[in-house]
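Read the structure below first, then the notes.
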Amino acid sequence: MTEVYLRRLSRWQAEQQRAAVADVHVTAYRGAAGAEYRDRQGFLDRFEQHVQHLGFDMMVADAGGLVGCAYGFRVERTGEWWSDFRGELPTDIEELTASGRTFLLAELMVLPAHRRHGVATLMGERLLARLETDLVVAAVDLERPDDGEDGDRGGRPANAAQETVRSWGWSKLGLLAPHSPSAVREVWIRRPLR
């Protein structure tokens, strides 16, 4: 496999690379559950908003062109991000959010040809390494079972994103209300080691 180089992008550089990042996004999610939500223009609209958030940070993987991307930002102190959380949000999570100490891993994507080579893990480690936060969260889209089952997959990860955060030692916190009828979102958390 071609050697992959990682580099951090500033907010300005991220905005300049938006078309290439959108290409990676469309290719990485092609055929996945919720594909109607992951259209190119929808991603570009979200990305435009995301780069404006406080604490925006981005890491890309390059192998003669972008092959992966990970980015995120601080969750707003108002706690609005948690409005779709199902059930009671733990008090410590509310407190960390209100104190500005929570970072959202908003996107993690790798082109199919570069998966299972540690690219996502390297990007995630580099992105999160310099954070000065006490909590990192991610919302993972899961396919709904289409065969009428209750969703029990015998402990197997439902998709690559869930498998990745689980392998990183993150913990499942709960569910968010679905953003589309075909997807459920799980919230996973990690408390950085100090």
Going by the rule side-chain hydrogen bond (donor to acceptor under 3.5 Å, both in side chains), which residues pair with Q41 if we only count those two or more places apart in sequence or in a different chain? D45
Salt bridge (Lys or Arg N to Asp or Glu O under 4.0 Å) pairs touching residues 55-66, sequence neighbours excluded, are R7-D62, R8-D57, D57-R130
Do the non-hydrogen side-chain atoms of M59 and L6 ever get within less than 4.5 Å of each other? yes
Hey, are the side chains of V137 and R190 touching, using non-hydrogen atoms and a 4.5 Å cut-off? no
Is the closest basic N to carboxylate O distance between R116 and E163 below 4.0 Å? yes
Just verifying a value: how many Å separate R185 CZ and F85 CZ, rounded to the nearest 0.5 Å? 12.0 Å
Going by the ring-ring contact (aromatic ring centres under 6.0 Å, His included) test, which pairs reach into residues 89-112, not counting sequence neighbours? none
Please assess L173 against E186 for the test side chain to side chain contact (heavy atoms under 4.5 Å, CB included), listing each intermediate value before the final yes or no. CA-CA 8 Å; L173 180 64; E186 285 184 340; over 6 Å; no
Sequence neighbours left out, what pairs pass salt bridge (Lys or Arg N to Asp or Glu O under 4.0 Å) with at least one residue falling in residues 64-79? none
List for me each residue that meets ring-ring contact (aromatic ring centres under 6.0 Å, His included) alongside W188, sequence neighbours excluded, and say none if there are none. none
side-chain contact (heavy atoms from CB on, under 4.5 Å) partners of V110, counting only residues at least two apart: H114, R115, V119, A120, M123
Q49: which residues meet the side-chain hydrogen bond (donor to acceptor under 3.5 Å, both in side chains) condition with it, sequence neighbours left out? none
Between L66 and L111, what is the shortest heavy-atom contact and its length? O-CD1, 3.7 Å
Any side-chain heavy atom of C69 sitting closer than 4.5 Å to one from M58? yes
If you define the side chain from C-beta out and look only at heavy atoms, does anything of L105 sit under 4.5 Å from L127? yes
Restricting to side-chain contact (heavy atoms from CB on, under 4.5 Å), what partner residues turn up for A98, sequence neighbours left out? none
Walk me through whether R18 and L44 qualify under side chain to side chain contact (heavy atoms under 4.5 Å, CB included). CA-CA 7 Å; R18 64 192 312 261; L44 287 169; 3.9 Å; yes
Checking side-chain contact (heavy atoms from CB on, under 4.5 Å) between W170 and each of T164, V136, V140, I189, which is the one that passes? V136
Worked verdict on D92 versus R191 for salt bridge (Lys or Arg N to Asp or Glu O under 4.0 Å): CA-CA 12 Å; D92 65 325; R191 297 175 190 273; 2.6 Å; yes
Taking only residues two or more places apart in sequence, or in another chain, which ones meet H53 in a ring-ring contact (aromatic ring centres under 6.0 Å, His included)? F73
Take atom CD in E48; do more than 12 heavy atoms of anything else shown fall under 6.0 Å from it? no
Smallest heavy-atom separation, A28 atom then P112 atom, equals CA-CD, 4.3 Å
For the side chain of S99 and the backbone of L96, is there at least one donor-acceptor N/O pair under 3.5 Å apart? yes
Please confirm whether the backbone N or O of V24 pairs with a side-chain atom of T27, one donor and one acceptor, at under 3.5 Å? no
Heavy-atom side-chain contact between R40 and H25 under 4.5 Å: no
Could you pull out all residues at least two apart from W82 that satisfy side-chain hydrogen bond (donor to acceptor under 3.5 Å, both in side chains)? T97
Does CZ belonging to R11 count more than 12 external heavy atoms closer than 6.0 Å? yes
F47: what forms a ring-ring contact (aromatic ring centres under 6.0 Å, His included) with it, not counting sequence neighbours? F43, Y71
Answer yes or no: is there a side-chain heavy-atom contact under 4.5 Å between L104 and W81? yes
Between L9 and Q17, what is the shortest heavy-atom contact and its length? CD1-CG, 4.1 Å
Among residues at least two apart in sequence or on other chains, which ones pass side-chain hydrogen bond (donor to acceptor under 3.5 Å, both in side chains) with Q13? S10
